[in-house]
Colleague: 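This is the structure I have questions about; it appears just below.
Sequence positions, counted from 1, serve as the residue numbers for this chain.
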Amino acid sequence: MLTPFDIWSPIIHAPFSGDVTQEITPRILSPDIKGSAGVEHRVQTEVASFGKQLGKVLEALQTLSAATDTPLPEIDALAADIETVKADAKDVLRREAEEALARLKAVDPAGHAALVAPT
């Protein structure tokens, strides 16, 4: 049964009822930004994401730690936790791909065969 609220619900959101996302891209005119927001945006989109940049820093710290025999247990734990998250993400992606292929096979066997055929 359709109610009057159903018509307006896509337009009007009550507090805390919309998407729960937060953009962390620096705002161009924010007084909190040191440097150039445009440059920061280009670095993130054209060069490397924050995660890629952090990975390189962690890799350098671990290399330096090994070369100088200076243990950095918190850095090692952080790097290990990141690798665990990445492995979990790969497992989820693989499972989702397998499920999608199974659905494709059920509705389009020829399309499935074309995708999984050896090249």
Side-chain angles (χ1 to χ4, degrees):
M1 172 175 199
L2 192 63
T3 69
F5 298 108
D6 296 328
I7 296 169
W8 296 103
S9 64
I11 301 168
I12 300 172
H13 294 288
F16 305 111
S17 67
D19 292 338
V20 185
T21 59
Q22 179 181 6
E23 184 177 338
I24 60 170
T25 304
R27 294 178 318 232
I28 292 177
L29 300 175
S30 172
D32 301 329
I33 295 175
K34 306 295 184 229
S36 169
V39 171
E40 291 295 325
H41 176 72
R42 285 191 60 202
V43 168
Q44 291 173 41
T45 57
E46 296 175 24
V47 180
S49 67
F50 288 135
K52 181 67 83 173
Q53 293 175 50
L54 176 60
K56 293 296 182 185
V57 170
L58 289 175
E59 184 181 315
L61 285 171
Q62 288 181 308
T63 301
L64 196 58
S65 170
T68 61
D69 256 350
T70 305
L72 296 173
E74 291 178 356
I75 297 298
D76 294 337
L78 178 60
D81 289 347
I82 290 170
E83 289 306 314
T84 298
V85 169
K86 286 180 177 181
D88 290 347
K90 286 178 185 177
D91 290 343
V92 168
L93 185 58
R94 188 175 299 115
R95 187 171 49 253
E96 289 172 349
E98 289 169 348
E99 291 168 358
L101 283 171
R103 289 191 307 272
L104 179 63
K105 186 176 183 180
V107 298
D108 183 5
H112 175 269
L115 280 176
V116 299
T119 55

Colleague: Kindly compute the distance separating OG1 (Thr45) from CD (Glu40), expressed to the nearest 0.5 Å.
Modeller: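 Result: 11.0 Å between the selected atoms.
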
Colleague: Compare all side-chain heavy atoms of Gln53 with those of Val43 and state whether any distance is below 4.5 angstrom.
Modeller: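 They are in side-chain contact.
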
Colleague: If you define the side chain from C-beta out and look only at heavy atoms, does anything of Leu61 sit under 4.5 Å from Val57?
Modeller: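 Leu61 reaches Val57 side chain to side chain.
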
Colleague: To the nearest 0.5 Å, what is the distance between CG (Asp108) and CG (Leu115)?
Modeller: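 If I round to the nearest 0.5 Å, the distance is 8.5 Å.
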
Colleague: Which heavy-atom pair separates Gln62 from Asp76 by the least distance, and what is that distance?
Modeller: NE2-OD1, 3.1 Å

Colleague: Look at the side chain of Gln44 and the backbone N and O of Phe50, then say whether any donor-acceptor pair between them is shorter than 3.5 Å.
Modeller: no

Colleague: State, to 0.1 Å, how close Ser65 and Pro71 come at their nearest heavy-atom pair, and which atoms those are.
Modeller: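 So the minimum-distance heavy-atom pair works out to OG-CA, 4.0 Å.
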
Colleague: Give, for atom OG1 of Thr70 and atom CD1 of Ile75, the distance between the pair rounded to the nearest 0.5 Å.
Modeller: 12.5 Å

Colleague: Within a radius of less than 6.0 Å around CD of Glu46, do more than 12 heavy atoms belonging to other residues, nucleotides or ligands occur?
Modeller: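 Yes, because the 6.0 Å sphere around CD of Glu46 holds more than 12 heavy atoms from other groups.
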
Colleague: Could you give the distance from CD (Glu98) to CG (Leu93), rounded to the nearest 0.5 Å?
Modeller: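 Here the rounded value is 10.0 Å.
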
Colleague: How long is the gap from CD on Glu83 to CG on Leu78, to the nearest 0.5 Å?
Modeller: 10.5 Å

Colleague: When rounded to the nearest 0.5 angstrom, what is the spacing between NZ in Lys105 and CZ in Arg103?
Modeller: 14.5 Å

Colleague: Mind listing the closest non-hydrogen atom pair of Leu64 and Thr68 along with its distance?
Modeller: O-OG1, 2.8 Å

